[in-house]
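Report on one structure; see the data block that follows.
These values consider heavy atoms only, across backbone and side chains, with no hydrogens, waters or symmetry-generated copies. We name chains A, B, ... by the order of the sequence lines, and we start the count at 1 in each one.
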Number of protein chains: 2
Amino acid sequence: MKKETRKEQIIQTSAKLFKEKGYAAVTMRDIAKSLDIKAASLYNHISSKQDILKMIIISIAEEFTNKMLEIYSSEVSTIDKLQSIIALHIDIAYKNPYKMASLNSDWMHLEEQLKYYLELRKSYENNFRDIIKKGVSAGEIQNKNIEVTLFSILSTLRSLYLWIPQKEDLNPKELTKNLSEILIDGIRKH
Amino acid sequence: MKKETRKEQIIQTSAKLFKEKGYAAVTMRDIAKSLDIKAASLYNHISSKQDILKMIIISIAEEFTNKMLEIYSSEVSTIDKLQSIIALHIDIAYKNPYKMASLNSDWMHLEEQLKYYLELRKSYENNFRDIIKKGVSAGEIQNKNIEVTLFSILSTLRSLYLWIPQKEDLNPKELTKNLSEILIDGIRKH
DNA sequence: GTCTATAAGCAGATAGAC
DNA sequence: GTCTATCTGCTTATAGAC
């Protein structure tokens, strides 16, 4: 029932190319060629190359920030919140493997929206940090260096997009379970 | 006693700029401007922009692969090997925060050396995977999905360069201890 | 909605003077 | 070792025909 518009095609195709070579190295001719049209025709649907990047990154960044706030505000244990965050990252990465690459690697090429993007990211990270801090206070999380704890988990979650598309034998549900166990309880056998 | 040559200056300055904007978005004029010379003067020291990228990436990639082979071949427990790998990443990231960015984000812009780089990375990852597998067999590591286990640790280690330069209050020794504990034993308090 | 033609500027790299 | 001048080709984007 739902028809993919030309504009959506352009965004998806661009995201795929941006993942392979990065925003700066992809030309409007590259994008057009992937769609079997000429570069000039792109401008009937989008206003500029920057416009494409903006549409790829901002929607995903807003989704992360909004969902993080929901998790932060929910009244469950810290461990449950962490599991929800892990599930959130896996869900978005499965649905948007290409856009995730731009979010992680091409955000610095944003122009007008750069400041807004950085605010979204800051909000996300602050809420994440605070969840961990409250977990330490509540005796659920070990009292290690907060930044190292945050960084360690976040690095893995942010890198998911690099890794998910290759392992299609692993479904999101099982990956969420595996990854939660490893990130929360480690890998050592006792 | 040791004097930094112009060539070394060019490589360091380029690495710093590549970290900020990525290889493709940095021009020879940008690099020259950072060194207060003209773009044409760069070519007296290096042969091309590609040449700079090659020198940044390959030396670090070889160091990782060689040191990983040493760790792999050493006769210590799996946990000790993992701690050595963590220490290796922290050591290299502290010494080369800019070059690490190119290694992680600009390797796809390598031309003649791309195949060689991919071989080095493959060798590194295969040895890492095998260390984990042997740890499972020896009963030191939990029998979870090997790829998830490998990916989780490697993502954190590969992202260190994004995070280390900002936290200069944390010394390498302490970071190694903290990160080892978190990656190996998790964050949950029992 | 796509095309051809083209503008205006920037890219990497070289030649040759000093 | 650095400079100025310059080549050649590629970049994003627009104008206007169909």
Side-chain angles (χ1 to χ4, degrees), chain A residues 2-58 98 101-102 105-114, chain B residues 2-58 98 101-102 105-114:
Chain A
K2 208 171 121 194
K3 210 173 119 198
E4 193 177 36
T5 64
R6 202 48 146 170
K7 186 171 177 175
E8 283 162 352
Q9 282 181 355
I10 292 170
I11 293 171
Q12 282 298 331
T13 301
S14 300
K16 201 166 182 170
L17 293 172
F18 293 168
K19 186 183 178 190
E20 286 168 18
K21 301 200 294 174
Y23 174 75
V26 173
T27 71
M28 296 302 276
R29 286 172 176 79
D30 291 334
I31 298 167
K33 198 160 196 176
S34 288
L35 292 163
D36 261 310
I37 56 175
K38 298 291 172 184
S41 306
L42 294 169
Y43 290 88
N44 202 54
H45 308 279
I46 51 94
S47 64
S48 64
K49 189 186 172 189
Q50 174 68 203
D51 191 38
I52 299 174
L53 184 67
K54 189 186 74 193
M55 291 185 289
I56 291 172
I57 292 182
I58 298 298
Y98 305 125
S102 297
S105 304
D106 283 322
W107 57 267
M108 71 287 281
H109 297 118
L110 286 171
E111 292 164 14
E112 284 84 3
Q113 312 283 331
L114 178 58
Chain B
K2 209 169 119 192
K3 211 173 120 200
E4 195 177 37
T5 65
R6 203 45 146 173
K7 185 170 177 175
E8 284 164 350
Q9 281 181 356
I10 292 170
I11 293 172
Q12 282 297 330
T13 300
S14 299
K16 201 166 184 170
L17 293 172
F18 293 168
K19 186 184 177 188
E20 286 168 20
K21 302 201 291 173
Y23 174 75
V26 173
T27 70
M28 295 303 277
R29 287 167 176 79
D30 291 333
I31 297 167
K33 200 162 194 174
S34 289
L35 292 164
D36 262 311
I37 56 175
K38 299 292 171 185
S41 306
L42 294 169
Y43 291 88
N44 202 54
H45 307 280
I46 51 93
S47 64
S48 66
K49 190 186 173 190
Q50 173 69 202
D51 190 38
I52 299 174
L53 184 69
K54 188 187 75 191
M55 288 185 292
I56 290 172
I57 292 181
I58 298 298
Y98 305 125
S102 297
S105 303
D106 283 321
W107 58 265
M108 73 285 283
H109 296 118
L110 286 171
E111 292 165 12
E112 283 85 2
Q113 312 283 331
L114 178 59

Report task. Could you walk me through whether B:Met108 and B:Tyr23 pass the side chain to side chain contact (heavy atoms under 4.5 Å, CB included) test, one step at a time? Result -> CA-CA 10 Å; B:Met108 73 285 283; B:Tyr23 174 75; over 6 Å; no
Requested in this report: Run the numbers on A:Leu53 and A:Glu111 for side chain to side chain contact (heavy atoms under 4.5 Å, CB included), then give the verdict.
Outcome: CA-CA 10 Å; A:Leu53 184 67; A:Glu111 292 164 14; over 6 Å; no
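The two residues B:Trp107 and B:Ile57 come nearest to each other via the heavy atoms CA-CD1, 3.6 Å. The nearest pair of heavy atoms linking A:Thr13 to A:Ile31 is CG2-O, 4.2 Å.
For DNA chain C, each stem of at least three Watson-Crick or G-U pairs (distances under 3.5 Å) is given as range with range: C:1-18 with D:1-18.
Distance, A:Ile37 CD1 to C:dT2 P: 5 Å, rounded to whole Å. Between the CZ atom of B:Arg6 and the C1' atom of D:dC3 there is a distance of 13 Å, given to the nearest Å. Here D:dT2 presents its P atom at 18 Å from NZ of B:Lys33, a figure rounded to the nearest Å. For A:His45 and D:dA13, the NE2 to P distance is 15 Å, given to the nearest whole Å. The separation between A:Asn44 atom CG and D:dA13 atom P is 15 Å, rounded to whole Å. When rounded to the nearest whole Å, the span between NZ of A:Lys38 and P of C:dT4 equals 5 Å.
Side chains of B:His109 and B:Leu114 form no contact here, defined as non-hydrogen atoms less than 4.5 Å apart. Side-chain contact between B:Val26 and B:Ser14 is absent, with no heavy atoms from C-beta onward closer than 4.5 Å.
At least one side-chain nitrogen or oxygen of B:Ser41 sits closer than 4.0 Å to the OP1 or OP2 atom of D:dC3.
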Query - Sequence-aligned protein contact record of nucleotides 9-18 of chain C, with B where the base is within under 4.0 Å of a protein heavy atom and S where only the sugar-phosphate is - result: --SBBBB---
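A salt bridge links A:Lys54 to A:Asp51: at least one charged side-chain nitrogen sits closer than 4.0 Å to a carboxylate oxygen.
When only modelled atom types and interatomic distance are considered, A:Thr27 and A:Asp30 share a side-chain donor-acceptor pair under 3.5 Å.
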